[in-house]
Amino acid sequence: MKLTSIPSLYRNLRRGREILAVLRRYGLADWLSRSPRLPFRNWITDGSGVPLTQYTRPERIRMAITELGPTFIKVGQVLASRADLVGIELAEELKGLRGRVEPDSAEQVRATLRSELGDDFEEQFASFDFEPLATASIGQVHRAVLPDGRRVVAKVQRAGIDRLMRQDLEVLDGLAQLATRVDTLAVWGPTDMVRQLRPMILHELDFNRERGNLKQFAEMLADNRSQVVVPSVVDWLCSRRVLVMEELEGVTLASLFAGDATDAASGRNSGAGQGPLEPQPRQLSKANLPPGFGKRLAKIYLKMVFDDGFFHADPHPGNLFWLADGRLGILDFGMTGRIDETLRESIEEMLFAIHAGDCRRLTRLIRRVGNPRVDLDQASLEIDVADFVDTFGRQSLDRFDLGGSLNQLTEILHRHGITLPNQSALLIKMLISLEGTMRELGVGFDSLEIVQQYMRRVMWRRLSPRRRLRQARRIYLENEAFLEEAPEQVLAVLNQARLGQLQLRLDPKRITPAVNRLVVGLMASAVFLGSSLMLAYEVPPVLFANASMTGLRRLSILGLLGTLASMSVMTALCLSIWRSDRE
């Protein structure tokens, strides 16, 4: 553990104890679940009295995260999109995370609005409903009306959530450093995982980022406003902890899936994807969805990926609205993804490789896009990729399972320890979620057909002179910088070698175990050699000064003890090497 983490652990000792108590409780339940004959295995129960041992491990992990509070719930929701890190089974279970959060009181909401918008904030609204429309782990949503009569919703950050989340992240960072010392936990790369999750969590505490995302998506979709709309932002009423946007009136797709067609009702945008339902004059249901609604939804999202390089990463049914005028409304832009040109071209090449059945090329692309382990088994990966291409590369358009193919690809990555950049993982999560929404809509939709339409556009774009000129310019600039810097750097290295100043730095964390084994082996060998000489020269004190019944005579006690000790150390060292090789 780093010394710099000790003050943070001490400062957050009380919260750290609470977290460790929950982890210890569920960890003990996990151990008891593997010991069916113990009489006390059912003593640890949940709130309703059901023994924790009766739940699966992913369910216990989800329950523990829920009990740990908002920060860990948000971490779990982020990990639900990182099946390459935690595996498909756990990622699917974490998708069900919902925080049981008590809403802030009206006085707390007033205090937040007063600190963010000024003491006269109530004059900025004709009315403000302090009863929350929806409550989430970070914020809660309230209805309001502006003086000009516009109906809006205000997303207000929960009181104290910023301090609590930063405190929990400090404790989590300390626990991650401790976990690196446990072999079974170190393989997960806990410190790297926390380092990746920290900025994603902290970004959601700044509502200005979501406001910027809303404005950028409004500009991106302006040409298609007749089909899709995002809420407009009321800039002068927004701050780091308050976000005010127009209210969309319609029905969420989630309510269409959950309710009967004749009972479909209207919802207002809650910013969290959920809100109360109100009857509307016009009944909206899956039965009267506009023709091509699913295909329109898919094209909008694929345009975000392949044309704009900036996409809404959470298209679950609660964040998608069907408005009364037939348009699609999109909510909750706290989680978005960006794809640069290099990553987009790699994804396009992967789709081409799958379509062409080129397993070797697809394997190279997977290694290039992901972060493979040093000990990656290349042959095993190629076999799994070949099986993947054979399964999904030959499916017809009407039977292609986009969600299933992405899930299997993620499982391959997880099995071989290949982690993805955050943006790639968010893209896979978005496509899987979109495919699930399409299936629940029950509309006529061929996912691969839409993808192939974009592939044809991609092919023309790749062959266009404009792209070739842009690519040639980028290559020229990169090579120019390399040619300018490389000779100087090579000469510097040669000069250091000539002066005897060239140094090779190695990571002690990687070489320490091997060096320790080497040192122990040399010491044991030296002790064995010295002890053998002591036995040979009968160095006193000795055993059996006179000839014994077994024929042993004048055995050096020090030599005998040294020989036995060195042989024990060598045996233990051999067993350790054998066990590590099997792992």
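- The shortest non-hydrogen separation linking V244 to C238 is N-SG, 3.4 Å.
- Pairing each heavy atom of Q140 with each of P103, the nearest pair is OE1-CA, 3.4 Å.
- Partners of Q227 by side chain to side chain contact (heavy atoms under 4.5 Å, CB included), not counting sequence neighbours, listed by chain and number: N224, R296.
- Residues passing the salt bridge (charged side-chain N to carboxylate O under 4.0 Å, His left out) test with R110 are E107, sequence neighbours excluded.
- Put simply, the side chain of T252 does not reach to within 4.5 Å of the side chain of L331, judged on heavy atoms.
- The two residues K155 and F207 make their nearest non-hydrogen contact at O-CE1, 3.5 Å.
- Legend: residues meeting side-chain hydrogen bond (donor to acceptor under 3.5 Å, both in side chains) with D308, ordered by chain and number and at least two apart, are K303.
- Between the side chain of Q108 and the backbone N or O of R158 there is no donor-acceptor pair closer than 3.5 Å.
- For R367, there are no salt bridge (charged side-chain N to carboxylate O under 4.0 Å, His left out) partners at least two apart in sequence or on another chain.
- Between F311 atom CZ and I339 atom CD1 the span is 4.5 Å, to the nearest 0.5 Å.
- Formation of a donor-acceptor pair under 3.5 Å by the D314 side chain with backbone atoms of D332 is not found in this model.
- Looking only at side-chain heavy atoms (C-beta outward), D162 and R240 come within less than 4.5 Å of each other.
- Atom-to-atom distance recorded for L94:CG and I73:CD1 is 11.5 Å, nearest 0.5 angstrom.
- Residues satisfying the salt bridge (charged side-chain N to carboxylate O under 4.0 Å, His left out) criterion with E116, sequence neighbours excluded, are R241.
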Pair up each side-chain donor or acceptor in residues 123-134 with any protein partner under 3.5 Å, not counting sequence neighbours, and list the distances.
from	atom 1	to	atom 2	distance (Å)
D129	OD1	E131	N	3.0

Full working for side-chain contact (heavy atoms from CB on, under 4.5 Å) between I412 and I366: CA-CA 10 Å; I412 292 173; I366 289 175; 5.7 Å; no
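- Annotation: salt bridge (charged side-chain N to carboxylate O under 4.0 Å, His left out) contacts of R211 (sequence neighbours excluded): D235.
- Between atom CE of residue M304 and atom NZ of residue K299 there is a gap of 15.0 Å, rounded to the nearest 0.5 Å.
- Residues M165 and I138 are in side-chain contact: their nearest non-hydrogen atoms beyond the backbone lie under 4.5 Å apart.
- Listed by chain and number, the residues in a side-chain hydrogen bond (donor to acceptor under 3.5 Å, both in side chains) with E204 are K74 (sequence neighbours excluded).
- Looking only at side-chain heavy atoms (C-beta outward), M430 and V305 come within less than 4.5 Å of each other.
- Considering only residues two or more places apart in sequence or on other chains, D223 meets the side chain to side chain contact (heavy atoms under 4.5 Å, CB included) condition with none of them.
- Classification of the F217-H312 ring pair by plane angle, with boundaries at 30° and 60°, yields perpendicular.
- Annotation for L328 and L320: closest pair CD1-CB, 4.3 Å, computed over non-hydrogen atoms.
- Within the 3.5 Å criterion, the main-chain N or O of F333 finds a donor-acceptor partner in the side chain of N213.
- E93 is not listed as a side-chain neighbour of I61, based on a closest heavy-atom distance of 4.5 Å or more.
- In this structure, the side chains of L237 and V242 stay at 4.5 Å or more apart for every pair of heavy atoms.
- Here the side chain of E246 pairs no donor or acceptor atom with the backbone of R150 at under 3.5 angstrom.
- The side chain to side chain contact (heavy atoms under 4.5 Å, CB included) test applied to R198 returns L169, D173, L202, not counting sequence neighbours.
- Under the side-chain hydrogen bond (donor to acceptor under 3.5 Å, both in side chains) criterion, R368 pairs with S346, E349, not counting sequence neighbours.
- In this structure the side chain of L434 reaches within 4.5 angstrom of the side chain of L297, judged on heavy atoms.
- R327 meets the side chain to side chain contact (heavy atoms under 4.5 Å, CB included) test with R225, V229, L323, D325; sequence neighbours excluded.
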